Amino acid sequence: MPAAPRADHPTAFLLGEPYLSEPLARHIRNRGAPAIALDGAGRLQAATHHLPLTTAEDFVEDYRSRRHAPLLLAVSPRAPAWIAEHLAGSALAEQVAVLDDKVAFRRRTAELYPDFRFQPVDPRHPAPPTELPVLVKPAHGSGGVGVRNIEGEGQWHRHLHTLAEDGCQAAIAEQVLEGPEYAADFVLGVDGRLRIVTVLERLAPAESLTFLYRTDPELRDRMGEFIATELLRVADHLHLAPMTGVAEFRTGHDGRLAPVEINPCRFGAWGTADIAPYAYGTDPYQQLTEDVIGNVAHRRDGTRHLVGFVDRPRKPTAGVDYELLAPGTAEVEEIRPVSGESAPFLAALFLRTTTPDAFDRTVETLRRGVPEEALYGQRQGSGS
């Protein structure tokens, strides 16, 4: 029998593909937060992690009856459509409609960032690019799917044709900003206060890794101030209601941060926030509703933390030696296997390095890709 929502709980959760991390599931379970499943994967997540589910009807009634709506977290890309349908007319639904649409978001923030050029594109009938190179991506979606740096007109038409074949009806071409890129899990509270929970610097693409990030307390504190300043400007300009999310920023030629996108309700969706206990000594999910200072013992000079997501192998594999996924130049905080074909990655790596040399060698090793013996037990073609 579905569980009834707990009255006035400050958070609520939408479960579904692709992935729910154990720390986030533990937070939901321990706090008794209301949760619903948007698909079969969400129901499996609930069963696996022993999470009671509410019905959609009870969830919506509880949400709409509150004086202060709960902060919503969603691990499913289906969440924006569900919010639009079931929470229509709410402040959250209105802002999700803008934030989830990269073209609408860029248009609404053009006044704040007039030098960040962009071009709306219909992949089915693409106009010539107004400039090259550009970064092309679907107007809706996350996780890097369909994102490509385009340097020539031939590549432009080929990529847009691929997007159209995949059913994409709207895309955006953005000016390429060459500076560092950052992702920040954040909470905009009912009181208007902004909490920057994590700050991750995205490293250059790596073979066999969907994403690779680094962080440390100094990076979080230093860049967190700049990100908070820009995020509050956007929140004030768009009149954002209380929400959680992941904000992505990139540094332009002038050194100024510009928002690439703000993914509403996606706080910790891939488990990136789970780096916080290792890097900062904090519980990221406690910070959904509380200010947390953290453990000063984590402020160690030279210590850097990495979180990477290992791609699923294209070839069938009988078994994976997860310990071999981590380079020997790093100390392992956690290697987290991820089961289920719907999960976008094979494992999450949480690593620590204590010297600049160890950090550089670890990143270089990860960029070369995971060793084949970790996936197949031996190098392909080496024989038995």
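As the structure is a computational prediction, the values presented were derived from the model and not from experiment.
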Within the 3.5 Å criterion, strictly below it, is a donor on Glu17 or Ser76 matched to an acceptor on the partner's side chain?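 Result is no, nothing qualifies.
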
Residue of the set Leu238, Val260, Asp100 for which side chain to side chain contact (heavy atoms under 4.5 Å, CB included) holds with Phe105: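 The single option meeting the side chain to side chain contact (heavy atoms under 4.5 Å, CB included) with Phe105 is Leu238.
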
Just to verify, which of Val246, Val98, Val234, Thr109 counts as forming a side chain to side chain contact (heavy atoms under 4.5 Å, CB included) with Ile262? Val234

Partner residues of [X] under the side-chain hydrogen bond (donor to acceptor under 3.5 Å, both in side chains) criterion, sequence neighbours left out:
X      : value
Arg107 : none
Arg336 : Tyr19, Asp274, Glu334
Glu331 : Arg352
Ser90  : none

Tell me, do [X] and [Y] make a side-chain contact under 4.5 Å, heavy atoms counted?
X      : Y      : result
Leu14  : Val75  : no
Arg66  : Asp62  : yes
Leu209 : Val310 : yes
Leu200 : Tyr182 : no
His27  : Leu288 : yes
Tyr63  : Pro70  : yes
Val197 : Pro284 : yes
Thr289 : Val187 : no

What orientation do Tyr285 and Phe267 show, parallel under 30°, tilted 30 to 60°, or perpendicular over 60°?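 Tyr285 and Phe267: perpendicular rings.
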
Treating [X] as the side-chain partner and [Y] as the backbone partner, does any N or O pair qualify as donor plus acceptor under 3.5 Å?
X      : Y      : value
Glu181 : Arg250 : no
Gln155 : Asn149 : yes
Thr303 : Thr354 : no
Asp101 : Ala104 : yes
Gln95  : Ala241 : yes
His305 : Tyr278 : yes

Is it the case that one hydrophobic cluster holds both [X] and [Y], taking links as side-chain heavy atoms less than 4.5 Å apart, direct or via other members?
X      : Y      : result
Phe211 : Met223 : no
Val96  : Phe59  : yes
Phe116 : Val176 : no
Phe226 : Ile196 : yes

Checking Arg106 now: which residues fulfil salt bridge (charged side-chain N to carboxylate O under 4.0 Å, His left out) with it, not counting sequence neighbours? Glu174

By salt bridge (charged side-chain N to carboxylate O under 4.0 Å, His left out) - contacts of Asp357 (at least two apart):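 In terms of salt bridge (charged side-chain N to carboxylate O under 4.0 Å, His left out), with neighbours along the sequence ignored, Asp357 is linked to Arg361.
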
What heavy-atom pair brings [X] and [Y] nearest, and what distance separates the two atoms?
X      : Y      : result
Ala56  : Trp82  : CB-CZ2, 4.4 Å
Asp39  : Gly16  : OD1-CA, 3.2 Å
Ile275 : Leu306 : CD1-O, 3.9 Å
Pro277 : Ala273 : CD-O, 4.2 Å
His157 : Pro126 : ND1-CG, 4.2 Å
Phe350 : Gly271 : CZ-O, 3.8 Å

Salt bridge (charged side-chain N to carboxylate O under 4.0 Å, His left out) assessment of Arg220 paired with Asp216: CA-CA 6 Å; Arg220 180 197 59 180; Asp216 55 63; over 6 Å; no

Under a 4.0 Å threshold between the charged nitrogen and the carboxylate oxygen, would Arg29 count as salt-bridged to Glu22?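 Yes, Glu22 and Arg29 are salt-bridged.
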
Distance from [X] atom [atom1] to [Y] atom [atom2], nearest 0.5 Å?
X      : Y      : atom1 : atom2 : result
Leu73  : Met243 : CG    : CE    : 10.0 Å
Arg214 : Leu203 : CZ    : CG    : 7.5 Å
Leu99  : Glu94  : CG    : CD    : 12.0 Å
Thr48  : Arg43  : OG1   : CZ    : 13.0 Å
Arg195 : Gln287 : CZ    : CD    : 8.0 Å
Leu375 : Leu324 : CG    : CG    : 9.5 Å

Any chance you could lay out the side chain to side chain donor-acceptor pair (under 3.5 Å) test for Thr362 and Thr353, step after step, and finish with the verdict? CA-CA 8 Å; Thr362 298; Thr353 63; 5.8 Å; no

Counting only heavy atoms not in His161 (residues, nucleotides, ligands), do more than 12 fall under 6.0 Å from its NE2? no

Crowding at OH, Tyr113 (>12 non-hydrogen neighbours, <6.0 Å): yes

Can you sort out the partners of Pro242 under side chain to side chain contact (heavy atoms under 4.5 Å, CB included), two or more places apart, ordered by chain and number?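 In terms of side chain to side chain contact (heavy atoms under 4.5 Å, CB included), with neighbours along the sequence ignored, Pro242 is linked to Leu71, Val190.
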
Counterpart residues, side chain to side chain contact (heavy atoms under 4.5 Å, CB included), relative to Ala170 (two or more places apart):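 Testing Ala170 for side chain to side chain contact (heavy atoms under 4.5 Å, CB included), a comparison that skips the adjacent residues, returns Ala139.
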
To which residues is Leu163 joined in a hydrophobic cluster, defined by side-chain heavy-atom contacts under 4.5 Å among Ile, Leu, Val, Met, Phe, Trp and Tyr, whether direct or through other members?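 Members besides Leu163, by chain and number: Val121, Leu132, Val134, Val136, Ile150, Trp156, Leu160.
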
List, by chain and then residue number, the residues other than Phe118 in its hydrophobic cluster (Ile/Leu/Val/Met/Phe/Trp/Tyr, side-chain heavy atoms under 4.5 Å); write none if there are no others.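 Traced through the cluster, Phe118 reaches Val103, Ile172.
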
Under the salt bridge (charged side-chain N to carboxylate O under 4.0 Å, His left out) rule, what pairs show up with a residue in residues 112-123, not counting sequence neighbours? Arg117-Glu131, Asp122-Arg124

Name all pairs fulfilling the salt bridge (charged side-chain N to carboxylate O under 4.0 Å, His left out) condition that reach into residues 149-167, sequence neighbours left out, sorted by first residue then second. none

Go through it in stages, so that I can follow the logic: the residues are Glu261 and Lys137, the test is salt bridge (charged side-chain N to carboxylate O under 4.0 Å, His left out), and I'd like the CA-CA distance, side-chain angles, deciding distance and then a yes or no. CA-CA 11 Å; Glu261 56 190 68; Lys137 52 190 174 183; 3.2 Å; yes

